[in-house]
There are 2 protein chains.
Amino acid sequence: MFPIGRLAKATGVKVPTIRYYEQIGLLPAPERTAGNQRLYTQATLERLAFIRHARDLGFPLEAIRELLSLSDDPARPCAAADEIARRQLAAVEARIARLTVLRDELRRMLDHCASDTIAACRVIEVLGDHRLCAHDHGATEADHPT
Amino acid sequence: MFPIGRLAKATGVKVPTIRYYEQIGLLPAPERTAGNQRLYTQATLERLAFIRHARDLGFPLEAIRELLSLSDDPARPCAAADEIARRQLAAVEARIARLTVLRDELRRMLDHCASDTIAACRVIEVLGDHRLCAHDHGATEADHPT
DNA sequence: CTAATTCCTCTAGCGACTGGAGCTTCAAGG
DNA sequence: CCTTGAAGCTCCAGTCGCTAGAGGAATTAG
C-alpha cells in the first residue's frame, strides 16, 4: 500500500493524470488513509502500467477502456481485443503514410529555400500556393505535433 | 466580395472554423453587409488558403501566426521562416519514427494473437508488460489517432 | 516540534476546433 | 411584392487528454 506519488513515479504517469483516470472511471477509487489520502495496491499499479503502455501506443482512452474490460474477463474470446488492435494498426499505418507525404513536402520546401529574403522564400511561397505541391488536400485529419 | 459560405467552399475550411480564426486574430475582421453578414475579399481567401495549407502540413496555429507576420514583411530575411519549417520537419520525423515502432509492435501483437481466449492473447499481454516490447517509454508525447 | 514535502478538492485552461439553439438576413420563385 | 428556404448571425457548451493553480490538510524527516 503506497500513496499516489509513489504510483506516479513507478509508472511514469503524473499525479493529476492518475486522479483524472480515477475520475473518468479508468482506475477504481482506491482505499484511503484516515486523513483521506489515496492508498494503492500492486494490482492498481499493473492496471495503470497497462494504461500507460496503451497510451504510449496511441490507443485512445475509449479503446483502453474496452481492452481493460476485456482483460477483466479472461475467459472471453480474443477476437474483440484483436479487432481493437487491428483497427489501431490501420489507423497508425494511415497516419504514417500521411506524415510521410508531409515530411517529403517539408523537405522539398527546405531544399529549395536558399534565398535570403522572405520575398523569395520557398517556404512562404509553397504555403501560399497549393499548385506548388503534390499534397493531398482531401484529408481533414489534424495532427498535434510538438 | 463574397460571403462566408463561398469562402468556406473555396478553401475547404468550415464556416465555424473561419469565424474561429477571426476570433483568435488569424484572419482580419472583414467588412459587413448592412445586415451584418461578413464579406470577404480575394486577399482574405489567399490568406486562408495559406493557413489551410500550413495546417494540413501540421503547423500549429502559433507557427502559422508567425509565418503570416513574416510574409507581411517581404524584405526580412528568410531564416526565420526556414527555422519554423525546420522545426516542423523535425517534429514530423520524430512522429514518424515513433509511429513506426508502434506499428511494428501492433503487427507483432497481432501475429502472435492466434489463440482463442483472452488468457493467451498477446494483445493484452504485451500491453500489460512493458518488458515484452522494445518501445521507448521516455517519450511522453501523446498521439491521437482516429 | 517544526518545516518541508506531499497530498487533498476544486476549478479553469490548453489547442483547434465542432455542434447546437435561437434568431436574422438574403436570394429566388411565384 | 411576398414567401420560403437556405445561409448567415451570436453565444455557449462540448470534445480529448490532460495540465496548472488556488488554498488548504496531512504526512514525514530532522
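A, B, ... follow the sequence lines: proteins, then strands. Residue 1 opens every chain.
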Short side-chain N/O contact to C:dT18 OP1/OP2 from B:T17, under 4.0 Å:
yes

Looking at B:L68, B:V13, B:L67, which hits side-chain contact (heavy atoms from CB on, under 4.5 Å) with B:I51?
B:L68

Just the rounded figure in Å: distance from P of C:dT18 to CD1 of B:I18.
11 Å

Compare side-chain N and O positions of A:T33 against OP1 and OP2 of D:dA26 and report whether any pair is under 4.0 Å apart.
no

Between C:dA16 atom P and B:I51 atom CD1, what is the distance in whole Å?
12 Å

Flag if over 12 foreign heavy atoms under 6.0 Å of CZ, A:R107:
yes

Pairs: protein N or O with nucleotides 21-24 of chain D N or O, under 3.5 Å:
none

Between the side chain of B:T100 and the main-chain N/O of B:I96, is any donor-acceptor distance below 3.5 Å?
yes

A:T41: which residues meet the side-chain hydrogen bond (donor to acceptor under 3.5 Å, both in side chains) condition with it, sequence neighbours left out?
A:T44

Without decimals, in angstroms, what is the distance between B:L27 CG and C:dC17 P?
11 Å

May I ask you to verify if any side-chain N or O of A:Y21 is less than 4.0 angstrom from the OP1 or OP2 atom of D:dC18?
yes

For nucleotides 7-14 of chain D, just jot down a letter per nucleotide in 5' to 3' order: B, S or -, based on protein non-hydrogen atoms under 4.0 Å.
-SSB----

Regarding B:E62 and B:R65, does a basic nitrogen lie under 4.0 Å from an acidic carboxylate oxygen?
yes

Go through it in stages, so that I can follow the logic: the residues are A:L106 and B:F59, the test is side chain to side chain contact (heavy atoms under 4.5 Å, CB included), and I'd like the CA-CA distance, side-chain angles, deciding distance and then a yes or no.
CA-CA 11 Å; A:L106 283 165; B:F59 288 85; 3.7 Å; yes

Which whole-number value in Å describes the distance from A:Q23 CD to C:dT11 C1'?
11 Å

May I have the step-by-step check of side chain to side chain contact (heavy atoms under 4.5 Å, CB included) for B:E83 and B:R86, ending in yes or no?
CA-CA 5 Å; B:E83 232 308 281; B:R86 209 173 289 281; 4.2 Å; yes

Would you kindly give the CG-to-C1' distance between A:L26 and D:dC18, to the nearest whole Å?
12 Å

Counting only heavy atoms from other residues, nucleotides and ligands, does the tally under 6.0 Å from CZ of B:R87 exceed 12?
yes

Write down the distance between CD (B:E31) and C1' (C:dT25), rounded to a whole number of angstrom.
18 Å

Distance in angstrom units between A:K14 NZ and C:dC7 P, rounded
15 Å

What is the distance, to the nearest angstrom, from the CD atom on B:E22 to the C1' atom on C:dA16?
17 Å

Ignoring hydrogens and angles, tell me if any N or O in the side chain of A:R47 forms a donor-acceptor pair with the backbone of A:L27 under 3.5 Å.
no

